[in-house]
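We number each residue from 1, following the sequence as shown. Remember, it's 1-based here, ligands and their atoms both numbered in the order they're listed. Computed from heavy atoms alone, side chains included, the values below leave out hydrogens, waters and symmetry copies.
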Amino acid sequence: MEIIIKDDYQQMSRTAAEIVVEVLNTRPNAVFGMATGSTPLGLYQELVRLHKQEQLDFSRVTTFNLDEYVGLPVNHPQSYHYFMHEHFFKHVNIPAQNINIPSGTTSNYRAFCEWYEQRITECGGIDLQILGIGSDGHIAFNEPASSLSSRTRLKTLSKQTIDDNARFFDRREEVPVYAITMGVGTILDARKLILLASSKKKAKAIAQAVEGPVTSIVTASALQLHPDATVLVDQEAAGQLAMRDYYEFIYAAKPGAPRT
Ligand code: F6R
């Protein structure tokens, strides 16, 4: 696992965009796994800027979002369909038929989840999966005690996630209790993972994910099992990392490291 600590949110977002661009440059038809929430907003803004000002081309890209709330129609302002459209898709040139987001309103969740997994496989798998982390250590909506080999399925959100996400809704009772989410196993199948986190609120979860035991209680700790995972954080989110100096030393020495 590579740990990159940047001074602030903006620098973290810019570094994440550089990683996306690197993948896109080597693979113009890359398959990206997308996350929602506050954390990737800066990354999406930077990618939109690169598209508008530097002609970064997404015309051959395919995307798969991690999750969606159950029960929210696609045009609900808090649905992840709406979020992705507003903050990213409507500003770049990804063909509509290449965009995949779990359905929160299907009449058959089980069949939909199976189809979603199949569709990822048909598209050749995910080249780069972007992740955030919940304050309870979740990735996507894989709440504590989710199987580390889980696949796309329906999940009940934890009380902590409902509390955390209540900030986006008028009232706590409006936060959906269920979501459809890629599984930890689905995420681990991606060829490359980047997990972003900023602010003090994420410091404990980051320390547990990076330095704690691999456990289903902190599903982000499953990244330790992945051969190409990068954790990209700002100073505050790095605040509880015991080996922080070591990670900074490694990152600073990287440009001079032998190339092969
Ligand atoms: C969203 C997702 C979640 C969020 C996490 C952090 O697609 O998968 O795991 O990444 O809840 O959310 P923010 O960034 O709002 O703190």
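- Between Ser158 and His138, the side chains place no donor N or O within less than 3.5 Å of an acceptor N or O (distance only, hydrogens not considered).
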For ligand 1, run through the N/O pairs with the protein that fall under 3.5 Å and put one pair on each line.
{"from": "ligand 1", "atom 1": "7 (O)", "to": "Thr36", "atom 2": "N", "distance (Å)": "2.9"}
{"from": "ligand 1", "atom 1": "7 (O)", "to": "Thr36", "atom 2": "OG1", "distance (Å)": "2.7"}
{"from": "ligand 1", "atom 1": "7 (O)", "to": "Asp67", "atom 2": "OD1", "distance (Å)": "2.7"}
{"from": "ligand 1", "atom 1": "7 (O)", "to": "Asp67", "atom 2": "OD2", "distance (Å)": "3.4"}
{"from": "ligand 1", "atom 1": "8 (O)", "to": "Asp67", "atom 2": "OD2", "distance (Å)": "2.8"}
{"from": "ligand 1", "atom 1": "9 (O)", "to": "His138", "atom 2": "NE2", "distance (Å)": "3.3"}
{"from": "ligand 1", "atom 1": "9 (O)", "to": "Ala140", "atom 2": "N", "distance (Å)": "3.3"}
{"from": "ligand 1", "atom 1": "9 (O)", "to": "Ala140", "atom 2": "O", "distance (Å)": "2.7"}
{"from": "ligand 1", "atom 1": "11 (O)", "to": "His138", "atom 2": "NE2", "distance (Å)": "2.7"}
{"from": "ligand 1", "atom 1": "14 (O)", "to": "Ser38", "atom 2": "N", "distance (Å)": "3.3"}
{"from": "ligand 1", "atom 1": "14 (O)", "to": "Thr39", "atom 2": "N", "distance (Å)": "2.9"}
{"from": "ligand 1", "atom 1": "14 (O)", "to": "Thr39", "atom 2": "OG1", "distance (Å)": "2.4"}
{"from": "ligand 1", "atom 1": "15 (O)", "to": "Ser38", "atom 2": "N", "distance (Å)": "2.9"}
{"from": "ligand 1", "atom 1": "15 (O)", "to": "Ser38", "atom 2": "OG", "distance (Å)": "3.4"}
{"from": "ligand 1", "atom 1": "15 (O)", "to": "Arg167", "atom 2": "NH2", "distance (Å)": "3.0"}
{"from": "ligand 1", "atom 1": "16 (O)", "to": "Lys202", "atom 2": "NZ", "distance (Å)": "2.7"}

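- Annotation: side-chain contact (heavy atoms from CB on, under 4.5 Å) contacts of Val92 (sequence neighbours excluded): Val48, His51, Phe58, Phe88, Ile94.
- Ring-centre distance between Phe112 and Tyr116: below the 6.0 Å cut-off.
- Rounding to the nearest 0.5 angstrom, the gap separating the CG atom in Asp164 from the NZ atom in Lys201 is 7.0 Å.
- Among the candidates Val31, Ile120, Asp127, Ile99, the single residue satisfying the side chain to side chain contact (heavy atoms under 4.5 Å, CB included) test with Thr62 is Val31.
- Using a distance-only test at 3.5 Å, with no hydrogens or angles considered, no donor-acceptor pair links the side chain of Glu236 to the main chain of Ser198.
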